[in-house]
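Just below is one structure, and these are the notes that go with it.
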Amino acid sequence: MKFGVVVFPGSNCEMDCHHVIDKVLGEDVDYVWHQETDVSRYDCLVLPGGFSYGDYLRCGAIARFSPVMEAVAGYAREGGLVIGICNGFQILLEAGLLPGAMLRNTCLHFICCFVHLRVENASTPWTNAAAEGQVLRIPIAHNEGNYTADADTLRELREQGRIILRYCDPEGAVSEEANPNGAADNIAGICNEGFNVFGLMPHPERASEELLGSTDGMVIWESIMAHHRGKG
């Protein structure tokens with residue numbers, strides 16, 4: 001399987017993603033500079049976290065105009081797998097590849113900590129290695145992760161099983177207290193209608209080795225590979 005990790009000016013998690021794919025998963029991976037216009041050689045594209053273009057306007061709002069994003073949109077329309085992590089999720093929203101928008105965290109502070117996530121749909125390319133209702137422990141690190149959408153969009157996400165991850169407590173209970181940033185419906189990750197585009201605020205690449213304090217992020221990577229091999 002061949003991964004492409006898209007790098008925007010200001011990205012800072014691309015090396016973490018590259019490391020996990022190359023050294024932990026043992027898969028082929030390239031960096032893809034934001035000026036690239038052909039991504040057809042990849043089996044999965046990763047939009048990593050960071051501060052694309054400094055996030056000076058609105059997180060991801062400038063990155064969406066990078067030349068590579070037109071190629072990413074075409075790749076997604078053809079059914080290609082695209083995962084956006086943290087800033088990558090924000091870019092997917094700004095590009096219209098996922099519905100909704102991000103607000104600042106309700107506490108108005110940057111948050112960097114481990115959170116618990118409940119797997120809401122285990123029948124996707126991103127979560128097939130998990131069990132429905134499984135609780136994952138994966139870190140977040142963001143200032144603008146308060147997902148929001150209008151009522152109709154939230155209803156569609158719920159009815160179509162496109163809410164993939166929700167913030168919860170260690171026992172799996174979804175509550176206001178377990179919601180670190182005020183996200184609507186405790187949403188931590190969603191998919192598009194085709195389930196081939198996935199955005200999430202937590203960082204699975206930071207929970208993929210024992211020395212990082214959790215390996216729960218491996219569920220995401222292993223699901224992607226299982227799906228590619230026709231097993232998930």
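No experiment lies behind these values; they were computed from the predicted model shown.
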Within this structure, what is the NE2-SG distance for the pair His116 and Cys168, rounded to the nearest 0.5 Å? 7.0 Å

Between Tyr147 and Phe89, what is the ring plane arrangement, given parallel below 30°, perpendicular above 60°, and tilted in between? parallel

Criterion side-chain contact (heavy atoms from CB on, under 4.5 Å) on Val119 and Arg166, from CA distance to verdict: CA-CA 7 Å; Val119 177; Arg166 277 194 172 95; over 6 Å; no

Enclosure of Arg58 CZ (heavy-atom neighbours >12, cutoff 6.0 Å): no

Do side-chain atoms of Ser208 reach the backbone of Pro204 as a donor and acceptor pair under 3.5 angstrom? yes

Got a second to check how far Glu156's CD is from Ile163's CD1, nearest 0.5 Å? 11.5 Å

Indicate whether any N or O donor in one side chain lies under 3.5 Å from an N or O acceptor in the other, for Asp30 and Tyr42. yes

Check whether any side-chain heavy atom of Val46 lies under 4.5 Å from a side-chain heavy atom of Val32, and answer yes or no. no

Are Val135 and Met201 co-members of a hydrophobic cluster defined by side-chain heavy atoms under 4.5 Å apart? no

I need the Ile91 CD1 to Asp55 CG distance, nearest 0.5 Å. 8.0 Å

With side chain to side chain donor-acceptor pair (under 3.5 Å) as the test, pick out the partner of Tyr167 among Asn186, Asp185, Asn181. Asn181

ILVMFWY cluster, Leu57 and Met69 together (side-chain gap under 4.5 Å): yes

Looking at OG of Ser223 and CD1 of Ile83, how far apart are the two atoms once the value is rounded to the nearest 0.5 Å? 9.5 Å

Quick one: does Leu97's side chain get under 4.5 Å of Asn192's, heavy atoms only? no

Cys13 side chain near His203 side chain, heavy-atom distance below 4.5 Å: yes

Closest approach of Ala76 and Val82, non-hydrogen atoms and distance? CB-CG2, 4.2 Å

Would you give the length of the straight line joining atom CG of Leu98 to atom OG1 of Thr153, rounded to the nearest 0.5 angstrom? 11.5 Å

Side chains of Asn121 and Thr124: is there a donor and an acceptor less than 3.5 Å apart? no

Compare all side-chain heavy atoms of Arg206 with those of Phe114 and state whether any distance is below 4.5 angstrom. no

Tell me the closest heavy-atom pair linking Cys44 and Trp126, and the distance in Å. SG-CZ3, 4.4 Å

Got Val68 and Phe8 here, is their nearest side-chain heavy-atom distance under 4.5 Å? yes

Please determine whether side-chain contact (heavy atoms from CB on, under 4.5 Å) holds for the pair Met225 and His228, giving the CA-CA distance in whole Å, both sets of side-chain angles, and the decisive distance to 0.1 Å. CA-CA 5 Å; Met225 292 191 297; His228 177 69; 5.6 Å; no

Mark yes when over 12 heavy atoms from residues, nucleotides or ligands other than Lys2 sit less than 6.0 Å from its NZ; otherwise mark no. yes

Point-to-point distance, once rounded to the nearest 0.5 Å, from CG of Leu165 to CG of Leu136: 6.5 Å

Distance alone, cut at 3.5 Å: any donor-acceptor contact between the side chains of Asn87 and Gln90? yes

Atom CD of Glu70 with >12 non-hydrogen neighbours under 6.0 angstrom: no

Checking Arg137 side chain against Gly213 main chain: does a donor-acceptor pair fall under 3.5 Å? yes

For the residue pair His142 and Asn105, establish whether any side-chain heavy-atom pair is separated by less than 4.5 Å. yes

Smallest heavy-atom separation, Tyr53 atom then Ala63 atom, equals CE1-CA, 3.6 Å

SB check Arg104 Glu144 (cutoff 4.0 Å): no

Any Asn196 side-chain heavy atom under 4.5 Å of Pro125 side chain: no

Quick one: does Arg41's side chain have a donor or acceptor within less than 3.5 Å of a partner on Asp38's backbone? yes

Met1 reachable from Val5 in the ILVMFWY side-chain graph, under 4.5 Å edges: yes

Please report the closest heavy-atom contact between Glu209 and Thr215, naming both atoms and the distance. C-CG2, 3.6 Å

For residues Tyr31 and Ser11, determine if any side-chain heavy atom of one lies less than 4.5 Å from a side-chain heavy atom of the other. no

Which heavy atom in Ile164 sits nearest to a heavy atom in Cys191, and how many Å separate them? CG1-SG, 3.7 Å

Does the pair Glu193 and Gln160 meet the rule for a side-chain contact (heavy atoms from CB on, under 4.5 Å), with working shown? CA-CA 8 Å; Glu193 291 186 37; Gln160 296 173 7; 3.9 Å; yes

Can you get from Val29 to Leu47 by hopping between Ile, Leu, Val, Met, Phe, Trp and Tyr side chains that sit under 4.5 Å apart? yes

Carefully, step by step, assess Phe3 and Asp22 under the rule side-chain contact (heavy atoms from CB on, under 4.5 Å). CA-CA 9 Å; Phe3 287 82; Asp22 180 27; over 6 Å; no

Residues Glu222 and His227: side-chain donor-acceptor under 3.5 angstrom: no

Answer yes or no: is there a donor N or O on one side and an acceptor on the other, between the side chain of Glu132 and the main chain of Ala122, under 3.5 Å? yes

Salt-bridge test for Arg229 and Glu27: reply yes if a basic N is under 4.0 Å from a carboxylate O, no otherwise. yes

Can you name the closest pair of heavy atoms from Phe198 and Leu92 and give their distance? O-CD1, 3.7 Å

With a 4.5 Å cut-off on side-chain heavy-atom distances among I, L, V, M, F, W and Y, is there a chain of contacts connecting Ile190 to Val174? no

